[in-house]
Amino acid sequence: MSEVLQSLFVLGSSHHQAPLEVRERFSLTAEQTQSLQKKIYADEDIRECLVVNTCNRLEIYGLATTPDIEPRIRDLLCQEHGLSRELFDAHSFWHTNLEALQHALEVCTGLDSQMVGETDILGQMKGAYASARDAGCTSTVLNRLFEKSFQAAKSARSQTAITRGQISIGNVAVDLASRIFGKLNSSRVLLLGSGDVSEKTAQALKSRGVADITVSSRTFENAHKLAHQLGGAAIEFSDFEAQLEHFDIIICSTAAPTTILSQGNLTPALKQRPERPCFLIDLAMPRDIAPDVEKLENVYLYNLDDLSAIANENLEQRRAEIDHAREILKRHAWTLWLQLRRRELMSRS
Amino acid sequence: MLQDIAMTDRTAFAIGATIYLAAFLFGCIALLLKKPYPRAAMFALLSGGFLIQTLGLNLRGAAIKACPLGNTFEIAQFIAWSLVLLYFIVGPVFRLRLLGFFVAGLTALLSGGSLLLPAWDQPYPAGIFGGNPWIELHAALAIFSYGVFAIVALVSVMFLIQQHGLKKKQFKGLYQYLPSVQQLDLMAKRLMITGVIFLTAALLFGAVFWINNPHLVPMFKLGVTCFIWAGYIVVVILRLQKKLVTRRHAIAAIILFLLAMASLWPVQSARHTESIPSSSATTDAK
C-alpha cells in the first residue's frame with residue numbers, strides 16, 4: 001500500500017442520485033441493514049465498515065486493505081438484496097479518502113439532507129455508528145471519523161445559521177392541511193405506522209387543533225403508546241381500512257414492503273364523503289400509498305420528496321450560510337484527514 | 001338633489017370602473033411583489049367604486065324614472081354593482097382571502113367593458129316597466145341573482161386555482177394567499193343555493209305578469225331565462241344529492257354564469273325587436 005488510508009471509502013445512494021421510486025427499491029429493513037454490515041465486514045479485505053440506512057440514503061462506509069474494493073462491495077450489495085447492478089450503478093456514488101471524510105461530515109451536519117439543515121440525520125448517523133460499533137464492525141479509523149464528524153456537525157451548526165428559517169415536514173404538512181381544510185378543528189387524523197417523522201407531523205397538526213388523532217400500527221402496543229402520547233386513540237391495523245372514510249388527514253409511515261393504500265381501498269371510502277377532501281401524507285420508504293391515488297378527485301397526495309421540495313423553497317436565502325458551513329467542514333475534514341494519516345503511520349512504525 | 005350634481009351617469013360609471021380597475025391593479029402589484037395586499041385598502045377602493053357606481057345608477061334611474069335595467073349596459077352595471085354589494089356582505093362573514101381582488105377584476109371587466117360597447121347602451125322608451133312595481137322587483141331580483149351567480153363563478157375560479165396548485169404541488173405566489181379548497185367549495189354551494197332562491201323568486205313575480213300579459217313577454221327571452229334557471233336548479237339538486245361536488249360543481253358554476261352572461265345581449269336584442277311597447281305599456285325588465 002503506497003498511501004496510508006487510500007482505501008477509506010463510502011459507497012451510497014441518496015436523494016441526490018436517485019428519485020423516490022428508485023430509492024424505495026434500495027431501501028432496507030433494520031435486519032437487512034445489520035445482515036449487510038456483517039457480510040461486508042466478513043470480507044477479508046475489509047478492515048472496518050458501517051452501513052447507514054435512512055429513508056433518503058443507503059450508505060456504506062468502510063476501510064479496505066486494497067483500493068480495488070469498489071466492484072466487490074457493489075456486487076455484494078446488489079446480490080444480497082436482489083438489486084439490478086446497472087440500476088444501482090446509475091444511481092449511486094463512490095467517494096474515497098478525503099472526499100469520503102468530507103461527505104460524512106456534510107451528512108452529519110445536514111448539508112447533504114433533502115431538507116438542508118435538518119437535525120434528524122445526526123441522530124440517525126449516531127444510531128448507525130452505535131450499532132456498527134456494538135457489532136464490532138468499526139475500529140480506530142471509523143470510530144474517530146464518526147466521533148469527529150458529530151463534533152464538526154455541532155460546530156458548523158453553532159457557527160452558522162443553516163438551521164434558521166428551516167421549515168420542518170410537520171410545518172409544511174400543517175400549511176398544506178390549512179390550504180385544504182382551512183381551520184383544522186374539525187379535521188380527523190389517522191396515523192398509519194409509528195415513525196418518528198410521522199409522530200412529529202401529527203404533533204404539529206395537534207398543535208394547530210385538529211379534532212382528534214387515531215393511531216394504527218401492526219404492533220398494537222406501539223400504536224397504543226403513541227396514541228397515548230398524542231392524546232388520541234388506537235385502532236387495530238386490521239380495522240383501519242374499514243374506517244378510512246372517517247379521516248380527513250392520513251399520515252403513512254409503516255415499514256410495509258408494498259403499498260397499503262391504493263385506489264381500490266380508498267375509492268369506497270371517498271364515496272362515503274364526496275364533499276370532504278382527503279389529505280394523504282406518505283412518509284414511508286418504500287412508499288405506503290400507490291402513486292395513482294393522486295388521480296382520484298378530492299385527494300391530495302404528498303410524499304417525502306414533495307414535502308422536502310416545499311420545505312426547501314427558502315433555500316436560496318440560506319445559501320450563504322450553507323456555503324459558510326461547507327467551508328468550516330472542509331477545514332475539519334482536512335485536519336481529521338491529517339490526524340488519521342498520522343495515526344496510521346505511527347501504528348505502522 | 002341629483003339634478004345638482006354636475007356629472008353625467010356615464011361619467012360616474014366610468015369613474016367607478018376606473019376605481020375598480022385600480023383596485024384590481026393594486027392587488028396584482030401586491031401579488032407580484034409576493035405580499036398579501038392590505039384588506040382595508042382593497043375594501044376602501046371597492047367602497048369608492050361602489051359609491052360612485054351607485055351614484056351613476058341613481059342618475060340613470062332619475063333620468064328614466066325607473067330602475068335602470070332597460071338595456072344590456074344597465075344590466076351589466078347592475079350586475080357589477082350587485083357583485084360588489086355581495087362582497088361587502090359575504091366578505092366579512094367568510095373572510096375569504098383574495099375575494100376582493102377577484103371581485104375587483106370582474107367588476108372592472110363588467111363595468112368598464114360595458115362602457116366600451118356603445119351598442120349595449122341603446123335608448124329605450126321611458127317608463128319601460130309601466131310603473132308596475134312588481135315587474136321592477138322581478139327585474140331587480142333577477143339581476144341581483146346574477147350578481148350572486150357572478151360571485152359563485154369567482155369563488156369557483158378561486159377553487160379551481162387552489163385545487164390546481166395543490167394537485168401540482170405549487171406552494172408559492174397566488175396559491176399561498178387563496179382560501180382553502182373546502183372553504184371555497186362550501187361557500188360556492190351556499191351562494192349557489194342563495195342565487196337560485198333569488199332567481200326563482202324573480203321568475204315567480206315575472207310569471208304572474210306573464211300570465212296576465214303573455215303578449216308582452218318575448219318567447220325567446222322567456223325560453224333563455226327558463227333554460228338558465230333550469231340549469232342552476234339541476235346543479236343545485238345534484239349538489240344537494242352529492243352527485244355534483246367540488247371540481248365538477250365549480251366547472252358547472254362557471255359555465256352556467258358564462259351562459260347567463262352570453263344570453264344577456266341576444267335577450268335584450270330580442271326584447272327590443274320583438275316587443276317595443278308603447279310608452280304606456282308595461283313590459284318585462286330583462
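On a predicted model such as this, the values are computed, not experimentally measured, just so you know. No hydrogens, no waters, no symmetry mates; every other heavy atom, side chains included, goes into these values.
Annotation: the span from B/Lys169 atom NZ to A/Leu176 atom CG amounts to 9.5 Å, rounded to 0.5 Å. B/Lys242 NZ to A/Arg276 CZ: the interatomic distance, rounded to the nearest 0.5 Å, is 10.5 Å.
Contact count versus chain A (heavy atoms, under 4.5 Å) is highest, among B/Arg248, B/Arg239, B/His249, for B/Arg239.
Among all heavy-atom pairs drawn from A/Ser178 and B/Ser180, the shortest one is O-CB, 3.2 Å. Looking at every heavy atom in both residues, A/Ile180 comes nearest to B/Val181 through O-CG2, 3.3 Å.
In this structure, the portion of B/Gln170 lying under 4.5 Å from any heavy atom of chain A is its backbone and not its side chain. At a 4.5 Å heavy-atom cutoff, the contact between B/Val245 and chain A is made by side-chain atoms alone.
Using modelled atom types, one side-chain atom of A/Tyr302 and one backbone atom of B/Leu166 make a donor-acceptor pair closer than 3.5 Å.
In this structure, A/Glu275 pairs ionically with B/Lys189, as a charged nitrogen and a carboxylate oxygen lie closer than 4.0 Å.
By the neighbour-count criterion of 12 heavy atoms within 6.0 Å, atom CZ of B/Phe227 is sparsely surrounded, having that number or fewer from other residues, nucleotides or ligands. Counting non-hydrogen atoms of neighbouring residues, nucleotides and ligands closer than 6.0 angstrom, the NE2 atom of B/His164 reaches no more than 12 such neighbours. B/Arg247 CZ: 12 or fewer foreign heavy atoms inside a 6.0 Å radius. Within 6.0 Å of the CZ atom in A/Arg25, the count of heavy atoms belonging to other residues, nucleotides or ligands does not exceed 12.
Side-chain contact between A/Lys183 and B/Gln182: absent, with no pair of heavy atoms (C-beta onward) separated by less than 4.5 Å.
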